[in-house]
Engineer: 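Handing you a structure now.
Each chain gets a letter, A, B and so on, in the order the sequences are listed, and its residues count up from 1. On a predicted model such as this, the values are computed, not experimentally measured, just so you know. Side chains are part of it too, since the values below use all heavy atoms of this structure and drop only hydrogens, waters and symmetry mates.
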Amino acid sequence: MSTPESFNERVYEVVKRIPRGLVATYGQVAALAGNHRNARFVGYALHVNPEPGMIPCHRVVFRDGSLAPGFAFGGPEEQRVLLEGEGVAFTPPVKCQKNAGAEGWLVDLSRCQWQD
DNA sequence: AGATTGACAGACA
DNA sequence: CTGTCTGCCAATC
């Protein structure tokens with residue numbers, strides 16, 4: 001009710017609701033915003049980022065737990081520091097991890113994935 | 001004003 | 001198991 005706002009605004013609301021120390025995936029945010037298919041729209045919403053500093057895009061990660069390489073505010077390395085500073089559990093760069101979004105550093109979704 | 005892209009994710013072959 | 005394709009909405013060219 002009284003929320004005819006586009007998914008875009010919906011995404012901002014969800015992302016801003018992510019508690020400190022936890023992270024959410026694009027799919028989860030998109031799911032809370034309406035449909036998990038909007039995952040690509042979630043990234044777009046954060047891309048416009050009409051309210052910088054207000055939307056913790058660093059708390060939004062891929063389904064694999066990796067981040068957006070090159071699109072983070074200052075680099076995936078900075079993101080790891082921020083999340084780690086918030087108390088988010090990270091997995092060390094495993095050699096067998098071909099998923100090296102943030103230099104092999106993946107967020108431990110098993111522990112820190114945000115759940116409403 | 002129309003076509004294409006876009007920080008993804010899931011389903012299918 | 002890997003690779004490819006589609007689906008969704010809005011913004012941009």
Side-chain angles (χ1 to χ4, degrees):
Chain A
M1 41 194 75
S2 67
T3 64
E5 295 131 13
S6 314
F7 280 100
N8 197 312
E9 304 230 348
R10 222 47 176 305
V11 173
Y12 301 137
E13 294 282 305
V14 176
V15 175
K16 289 190 294 188
R17 274 180 182 166
I18 302 175
R20 167 182 163 284
L22 294 178
V23 297
T25 67
Y26 288 99
Q28 179 136 28
V29 174
L32 294 171
N35 296 324
H36 79 277
R37 293 192 200 14
N38 291 22
R40 22 187 9 177
F41 186 62
V42 173
Y44 217 89
L46 295 175
H47 179 74
V48 294
N49 214 352
E51 303 182 84
M54 198 166 177
I55 304 177
C57 12
H58 59 269
R59 285 188 193 146
V60 187
V61 299
F62 281 75
R63 211 37 179 97
D64 302 323
S66 58
L67 312 167
F71 281 94
F73 40 94
E77 191 176 311
E78 187 67 25
Q79 174 140 19
R80 180 185 128 267
V81 176
L82 284 170
L83 292 174
E84 189 177 58
E86 292 188 346
V88 175
F90 266 83
T91 61
V94 184
K95 304 173 199 175
C96 296
Q97 280 288 15
K98 63 191 208 173
N99 209 348
E103 301 189 356
W105 286 90
L106 300 179
V107 180
D108 196 340
L109 297 176
S110 308
R111 296 178 157 201
C112 295
Q113 182 171 25
W114 175 48
Q115 46 192 304
D116 185 25

Engineer: Consider only side-chain heavy atoms of I, L, V, M, F, W and Y, link residues closer than 4.5 Å, and tell whether V48(A) and L46(A) are in one cluster.
Structural biologist: yes
Engineer: As a test of the definition: with a 90° window around 0 for syn, would you call dA9(B) syn or anti?
Structural biologist: anti
Engineer: For E86(A), give me all partners under salt bridge (Lys or Arg N to Asp or Glu O under 4.0 Å), at least two apart in sequence or on another chain.
Structural biologist: R59(A)
Engineer: Hey, what do you get for CG (L83(A)) to CG (L67(A)), rounding to the nearest 0.5 Å?
Structural biologist: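 Spacing of CG (L83(A)) from CG (L67(A)) equals 6.5 Å.
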Engineer: Is there a continuous path of hydrophobic side-chain contacts, each under 4.5 Å between heavy atoms, that joins W105(A) to V88(A)?
Structural biologist: yes
Engineer: Within residues 13-23 of chain A, which residues have any heavy atom lying less than 4.0 Å from an atom of DNA chain B?
Structural biologist: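 Under 4.0 Å from DNA chain B: no residue of residues 13-23 of chain A.
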Engineer: Please check if the side chain of Y12(A) supplies one atom and the backbone of A45(A) the other of a donor-acceptor pair under 3.5 Å.
Structural biologist: yes
Engineer: Could you tell me how far dT6(C) sits from dT4(B) if I compare only their C1' atoms? Round to whole Å.
Structural biologist: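 Taking atom C1' in both dT4(B) and dT6(C), they lie 16 Å apart.
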Engineer: Would S66(A) and V61(A) count as a side-chain contact (heavy atoms from CB on, under 4.5 Å) here? Give the steps.
Structural biologist: CA-CA 6 Å; S66(A) 58; V61(A) 299; over 6 Å; no
Engineer: Below 4.0 Å from chain A heavy atoms, what is the first contacting nucleotide of DNA chain B and what is the last?
Structural biologist: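 Going 5' to 3' along DNA chain B, contacts run dG6(B) to dG10(B).
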Engineer: Base contacts versus sugar-phosphate-only contacts with protein, heavy atoms under 4.0 Å: please encode nucleotides 6-11 of chain C as B, S and - from 5' to 3'.
Structural biologist: -BBBSS
Engineer: Working to the nearest 0.5 angstrom, can you tell me the gap between I55(A) CD1 and E13(A) CD?
Structural biologist: 9.5 Å
Engineer: Rounded at 0.5 Å granularity, tell me how far CD in E84(A) sits from CZ in F90(A).
Structural biologist: 7.0 Å
Engineer: Determine all donor-acceptor pairs shorter than 3.5 Å in which one atom belongs to a side chain in residues 14-41 of chain A; sequence neighbours excluded.
Structural biologist:
{"unit_1": "T25(A)", "atom_1": "OG1", "unit_2": "Q28(A)", "atom_2": "N", "d": "3.0"}
{"unit_1": "Q28(A)", "atom_1": "OE1", "unit_2": "Q113(A)", "atom_2": "NE2", "d": "3.1"}
{"unit_1": "Q28(A)", "atom_1": "NE2", "unit_2": "W114(A)", "atom_2": "O", "d": "3.4"}

Engineer: Could I get the full list of side-chain contact (heavy atoms from CB on, under 4.5 Å) partners for D108(A), not counting sequence neighbours?
Structural biologist: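 Here the qualifying residues are A89(A), T91(A), S110(A), R111(A).
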Engineer: Does anything in residues 108-116 of chain A reach DNA chain C, meaning a heavy atom under 4.0 Å, and if so which residues?
Structural biologist: none
Engineer: Are there runs of at least three consecutive Watson-Crick or G-U pairs touching DNA chain C, with each pair's two distances under 3.5 angstrom? Give them by first number.
Structural biologist: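 Output for stems: B:2-6 with C:9-13, B:8-13 with C:2-7.
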Engineer: Could you tell me which residues satisfy side-chain hydrogen bond (donor to acceptor under 3.5 Å, both in side chains) with Y44(A), sequence neighbours excluded, listed by chain and number?
Structural biologist: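 Result, side-chain hydrogen bond (donor to acceptor under 3.5 Å, both in side chains) vs Y44(A): none returned.
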